[in-house]
Amino acid sequence: MKTKKQTADFLHIGAKLLAWYKIHGRDLPFRKTKDPYKIWICEIIFQQTRIEQGLNHYENFIQRFPDVQTLANADNDEVLLYWKGLGYYSRALNLHHASQQIVNDFNGKFPKKYEDILKLKGVGKYTAAAISSICFNEKIPAVDGNFYRVLSRVFADDFDISDSKAFSYFSDLALMMMPEKNPGHYNEAMMDLGSEICKPKNPKCETCPLNFDCLAFNSGKVQDFPQKSKKVKITDLELEYFFVEFGKSFLIRQRKDDFIWKRLYEFPTEIPKSFEKYIGAQKTISHKLTHKNLTIHIYKVKLNSKREFQKFGEENGFLVSDFEDFHYKSFPKPLENYLNSLI
DNA sequence: AATTCGGGGAC
DNA sequence: GTCCCAGAATT
């Protein structure tokens, strides 16, 4: 149970944060709008993604799909194309699905209530809070990795951020500091502070607006926070592909959506025995994902019979692509790199 | 409650 | 090499 004095102290910290934000907040393109559609897109794009990495994707995506209707009417493949290289591709599939949810279930108008926004596929508690606070002035903390880090340091709190209860734990802390006005700015301020000042490594505590209040800083233990118990496990995975070509054409197909690289394009993973005599150059690619170390073997299969090429493609459901066409499809990064190396 | 899903940048 | 990033869905 918090006393009145403590609650006042919390609010004081939130006010400092907001004051800092007004001067030092980042000038980002999506900060100028309160269009829930645009904020939604930006929140999804920047999930687990650095601002610098996703900025161009955001601009291109908004330009091509400026509103919910455009996105809902778009081809699934084109949505994925605009997601090329961003990773976590189910985000794009969920985005497309949710746009059709808005058209069908919300009469084409972006929902305004937190509970409704939360119903959209791919929108969780963080994203619903971000949209609600920024666009509709709802006082809900958008607790993300930045909140975990900043709050655990300010209060020298050793609550394990990999605990599944961390979200609700830090939400309670964040809410106590949250000002009545400008909830969106408060949430954005915490993200900017976490990104620019209270960074995971080498935080700039000397210029931090909260350094007077920060218990970790004042006890010289900033590096001890946040506490995180869970470590990432990395497994090895080998993939084998056949680059089946005839002239300037080659065969591709779309992946299923039950594994990595959902719905992205790839090469055949097997060929008939009769093709083995055409196997030529082989390339081995190492590629790191967050939880996997991939080793990808790609074998060139250069056919000299157009009939065999087409027959194999048709019978196994492959598409014929070429070095112009593949730019208009979304490939996994290592396969895209491979294709570019052949040009 | 634990696992899975990318790619890139900082160190 | 390790860790983290405007997290969410699935098991």
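Just so it is clear: chains get the letters A, B, ... in the order the sequence lines come, proteins before strands, and each one is counted from 1. From a predicted model like this one, the values you see are computed outputs, not experimental measurements.
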For B/dG7, take OP1 and OP2 only and decide whether either is under 4.0 Å from a side-chain N or O of A/Tyr89.
yes
Provide, to the nearest angstrom, the distance between the CD1 atom belonging to A/Ile161 and the C1' atom belonging to C/dC3.
11 Å
Just to be sure I understand the rule, does A/Ser90 reach a base, reach only the sugar-phosphate, or reach nothing, if contact means heavy atoms closer than 4.0 Å?
nothing
Test side chain to side chain donor-acceptor pair (under 3.5 Å) on A/Gln254 and A/Asp77 and set out the steps.
CA-CA 10 Å; A/Gln254 210 163 11; A/Asp77 241 31; 2.6 Å; yes
Taking atom types as they are modelled, would you say the side chain of A/Thr49 forms a donor-acceptor pair with the base of B/dG7 within the 3.5 Å cutoff?
no
Under 4.0 Å between any heavy atoms, over every strand shown, what does A/Ile45 touch: base, sugar-phosphate, or nothing? Just pick one.
nothing
What integer distance in Å separates A/Lys199:NZ from B/dA10:P?
10 Å
Can you tell which of C/dA8, B/dT3, C/dA6 lies closest to the side chain of A/Ile51?
C/dA6
Residue met sooner reading DNA chain C from 5', once A/Ile234 and A/Leu28 are mapped to nucleotides:
A/Ile234
For the pair made of CD in A/Gln53 and P in C/dC5, what is the distance, rounded to whole Å?
14 Å
Just the rounded figure in Å: distance from P of B/dG7 to CD of A/Glu52.
18 Å
For A/Lys228 and for A/Ile44, find the nucleotide of DNA chain C with the closest heavy atom, then tell me which residue's nucleotide is more 5'.
A/Lys228
Could you state the atom-to-atom distance from NE2 of A/His57 to P of B/dG7 in whole Å?
11 Å
Residues passing the side chain to side chain donor-acceptor pair (under 3.5 Å) test with A/Ser162, sequence neighbours excluded, are A/Asp160, A/Ser229
In whole angstrom, give me the gap between the C1' atoms of C/dC3 and B/dG6.
15 Å
P atoms of B/dT4 and C/dA6, separation to the nearest Å:
24 Å
Looking for any heavy atom pair under 4.0 Å, which part of the strands does A/Gly85 touch: base, sugar-phosphate only, or nothing?
sugar-phosphate
Rounded to whole Å, the CZ-C1' distance (A/Phe46 to C/dG7) equals 14 Å
Are A/His24 and A/Glu196 close enough that a side-chain donor and a side-chain acceptor fall under 3.5 Å?
no
Would you please confirm or rule out a distance under 4.0 Å between OP1 or OP2 of C/dA8 and any side-chain N or O of A/Thr127?
yes
B/dG7 phosphate, OP1 or OP2: any side-chain N/O from A/Trp261 under 4.0 angstrom?
yes
Please enumerate all protein N or O atoms sitting under 3.5 Å from an N or O of nucleotides 9-11 of chain C, with distances to 0.1 Å.
unit_1 : atom_1 : unit_2   : atom_2 : d
C/dA9  : OP1    : A/Gly122 : N      : 2.6

Go through it in stages, so that I can follow the logic: the residues are A/Tyr241 and A/Glu266, the test is side chain to side chain donor-acceptor pair (under 3.5 Å), and I'd like the CA-CA distance, side-chain angles, deciding distance and then a yes or no.
CA-CA 8 Å; A/Tyr241 285 121; A/Glu266 65 179 358; 2.7 Å; yes
Steps toward side chain to side chain donor-acceptor pair (under 3.5 Å) verdict (A/Asp67, A/Thr70):
CA-CA 6 Å; A/Asp67 50 51; A/Thr70 308; 2.6 Å; yes
Look at the side chain of A/Arg91 against the base of C/dA6 and say whether a donor-acceptor pair falls under 3.5 Å; ignore hydrogens and angles.
no
Going by atom types only, do A/Ser90 and A/Asn94 share a side-chain donor-acceptor pair under 3.5 Å?
no
Ring pair (Phe, Tyr, Trp, His ring centres under 6.0 Å) partner of A/Phe110, the single match among A/Trp40, A/Tyr37, A/Phe136:
A/Trp40
Round to a whole Å and report the spacing from CG of A/Asn146 to C1' of C/dG7.
12 Å
Compare side-chain N and O positions of A/Lys333 against OP1 and OP2 of B/dG8 and report whether any pair is under 4.0 Å apart.
yes
Within the structure, does a side-chain N or O atom of A/Arg149 lie under 4.0 Å from either OP1 or OP2 of C/dC5?
yes
Out of C/dC4, C/dG7, B/dC11, minimum distance to the side chain of A/Asp144 belongs to C/dG7
Tell me which nucleotide among B/dG7, B/dC5, B/dT3 gets nearest to the side chain of A/Lys233.
B/dT3
Partner of A/Ser195 under side-chain hydrogen bond (donor to acceptor under 3.5 Å, both in side chains), picked from A/Arg50, A/Arg149, A/Arg26, is A/Arg26
Take atom P in C/dA8 and the same atom in B/dG8, then report the distance between them in whole Å.
22 Å
Could you go step by step and tell me if A/Arg263 and A/Asp257 meet the salt bridge (charged side-chain N to carboxylate O under 4.0 Å, His left out) rule?
CA-CA 5 Å; A/Arg263 306 291 295 164; A/Asp257 62 358; 5.6 Å; no
Can you identify which nucleotide, out of B/dG7, B/dC5, C/dG1, has its nearest atom closest to the A/Lys262 side chain?
B/dC5
With a non-hydrogen cut-off below 4.0 angstrom, is A/Phe259 in contact with a base, only sugar-phosphate, or nothing?
sugar-phosphate
Answer with base, sugar-phosphate or nothing: what part of the nucleic acid does A/Lys292 contact at a heavy-atom distance below 4.0 Å?
sugar-phosphate
Which of these nucleotides, C/dT2, B/dG6, B/dG8, is closest to any side-chain atom of A/Ile260?
B/dG6
N or O in side chain of A/His287 less than 4.0 angstrom from B/dG7 OP1/OP2
yes
Decide yes or no on side-chain contact (heavy atoms from CB on, under 4.5 Å) for A/Phe243 and A/Lys302, but give the supporting numbers first.
CA-CA 8 Å; A/Phe243 185 75; A/Lys302 196 177 179 68; over 6 Å; no
Of A/Phe331 and A/Asn202, whose closest DNA chain B nucleotide lies nearer the 5' terminus?
A/Phe331
Closest of B/dG8, C/dG7, C/dA6 to the A/Ser195 side chain is C/dA6
Whole-Å gap separating C1' (C/dA6) and CE (A/Met190)
13 Å
